[in-house]
Amino acid sequence: MTPNRLIAVLYRVGLGCLTPMLLAGPVWSAPLYPDEVVRRSVAGHPAVKRARSLTEAALAYGQGAGALPNPILQLSTVAGDPDADSNSLVQTLEIAGQPGLRQKAADNTTAAKAAQEKALRNSVGLAAALAYYDYWEALQNAEQADRQIAITNQLREVAQQRFQLGEISANERLRLQLLSGQSQTILSLAQGDLDLAQQKLEILLQEPGPFELPTVLDPLPIAPMLGSLSEADLLAGVESGPLGRPELEAAEREAAAAAWVAKLTGRAGAPNLQLSAYSARLGQGSEQGVQLSVVMPLFDWGRLGAAHARDKKLVEAQGFQLELVRRQVTSDLGTAATRYRVAKGRRIALGDQAQQADQLSRTATQGYEIGLLSLVELLEIHTTFRESLRQYIGAEADSQRARVQLYWAFGWPMTDVGGSAENNGE
């Protein structure tokens, strides 16, 4: 008997209005949405706090990087018979542009640290969002396994009644008992997966579980959506490229900082001016005056040249690193966009299959109760629905994971994706 014919038969006998037991879920009093998980995980993560401290350290250094060398005050006295002393105040003036070069290098280093902090925040946010959907998937599978046990228990009661009436054999009753054991095994495995997923969230949120998630049925379970950007908005940036990725900005700033540092070391042998005010006394005579001097190294033993050669090679290395990052973020975006399209298509296809299997399973139990279905047909229908629903739940979670990875690949801030607690599905 085909599924469509079975449904038609059951509707003709008045059994098409079966109450949906499989998808009746609990009502959560305090649902946890992915946006909140991301924000709380990022705010409390020690790696993010460390990155913030490094950014502030670079900013503090940059505030004085372009300043002149400190003036030097020299006070001296002589012990013994000679009545002599000499005091001076010396200010070195760097005339080869060193203060400006130091400031530009420091400013780019500060910008690089800030961009690295943004990149880390996004990475932590991505991990939190993925952990959320892992937990949602495991929770849905555990709930479905628990509901399957309730259905199996109902079937066992029906089978016991039909066995007592002599309508089924002892073998059929035994098969239902075996099905009950299999359902318990599936529930144990699902609970194990749920425990592992819960541990991830507990570490990220630093709070004990279990966590209550919103339940949305339409008619199949739908995972809460992170952010509110439409599919058109998500895919619009694929052609333009990942211009907003902070990893790319950090690499660009590090390359610029290295270039300014190389210019600075290249001027290590440049002459400086020294302005000094002095007072000297020898015996009964004393002298005071102001002196302007030109100070330069007589020659280089090789240390200054070696430092400049090293820094030029570091500039070259940073250029290669920038190209590597540019290629990586471009690859990330292309991979994320493709994965999102595939995951969404898979979710749609499996959703259609699960809805058809759901429609069939809603009527199968009562069909077995009145003898329209054999036990073999009933078990086949329930097995098909259970597997279809499991595959759909995985596809739904995977489509949401692919969606947040696309957010991350674009470089949009994971803690500011325009989401709200009103977003229940796409």
Salt bridge check: are [X] and [Y] linked by an N-O gap of less than 4.0 Å?
X    : Y    : answer
D398 : R339 : yes
E137 : R401 : yes
E56  : K113 : no
R102 : E94  : yes

[X] side, atom [atom1]; [Y] side, atom [atom2] - distance, nearest 0.5 Å:
X    : Y    : atom1 : atom2 : result
R347 : Q400 : CZ    : CD    : 7.5 Å
L220 : I393 : CG    : CD1   : 8.5 Å
W408 : L126 : CH2   : CG    : 6.5 Å
L213 : W136 : CG    : CH2   : 9.5 Å
L139 : D193 : CG    : CG    : 12.0 Å
K200 : Y135 : NZ    : OH    : 13.0 Å

* Check the pair V90 / L73 against side chain to side chain contact (heavy atoms under 4.5 Å, CB included), numbers first and verdict last. => CA-CA 6 Å; V90 180; L73 176 62; over 6 Å; no
Return yes if a side-chain donor-acceptor contact under 3.5 Å exists between [X] and [Y], otherwise no.
X    : Y    : result
Q148 : S183 : no
D311 : T265 : yes
Q116 : E254 : yes
D195 : Q191 : yes
R267 : Q98  : no
E202 : Q198 : yes

Do [X] and [Y] have side-chain heavy atoms sitting under 4.5 Å apart?
X    : Y    : result
R390 : E387 : yes
L248 : L322 : yes
L226 : V37  : no
L273 : V294 : yes
R245 : D332 : yes
Q355 : P219 : yes
L93  : N272 : no
L360 : Q356 : no

[X] side chain vs [Y] backbone, donor-acceptor pair below 3.5 Å:
X    : Y    : value
S331 : R327 : no
Y132 : L32  : yes
Q206 : I203 : yes
S41  : V38  : no
Q103 : G62  : yes

* Please report the C-alpha distance between I72 and L89 in whole Å, then the side-chain angles of each, then the deciding distance to 0.1 Å, and finally whether the side chain to side chain contact (heavy atoms under 4.5 Å, CB included) criterion is met. => CA-CA 6 Å; I72 299 175; L89 175 64; over 6 Å; no
* Asked: Who pairs with K313 by side chain to side chain donor-acceptor pair (under 3.5 Å), at least two apart in sequence or on another chain?
  -> E316
* Asked: Checking side chain to side chain contact (heavy atoms under 4.5 Å, CB included) for the pair R121/M414: CA distance, chi angles, key distance, verdict?
  -> CA-CA 7 Å; R121 292 172 66 89; M414 294 297 295; over 6 Å; no
* Asked: Does the pair K263 and K104 meet the rule for a side chain to side chain contact (heavy atoms under 4.5 Å, CB included), with working shown?
  -> CA-CA 11 Å; K263 290 182 180 181; K104 290 178 180 178; over 6 Å; no
* To do: Start with the C-alpha gap between E36 and R39, add the side-chain angles, then the distance that decides, and say whether salt bridge (Lys or Arg N to Asp or Glu O under 4.0 Å) holds.
  => CA-CA 5 Å; E36 183 181 359; R39 284 192 295 268; 5.9 Å; no
Considering all heavy atoms, the nearest [X]-[Y] contact:
X    : Y    : result
T109 : A257 : OG1-CB, 3.6 Å
G269 : P297 : O-CD, 3.6 Å
P221 : Q144 : CG-NE2, 4.2 Å
L120 : A47  : CD2-O, 3.1 Å
A343 : S399 : CB-CA, 3.8 Å
Q405 : A336 : O-CB, 3.9 Å

* Asked: Given T55, which of K118, E117, R50 fulfils the side chain to side chain donor-acceptor pair (under 3.5 Å) condition?
  -> E117
* Asked: For T110, what residues pass the side chain to side chain contact (heavy atoms under 4.5 Å, CB included) criterion, not counting sequence neighbours?
  -> A58, L59
* Just do the ring-ring contact (aromatic ring centres under 6.0 Å, His included) check on W301 and F299 with the steps written out, would you? => CA-CA 7 Å; W301 292 108; F299 56 85; 4.8 Å; yes
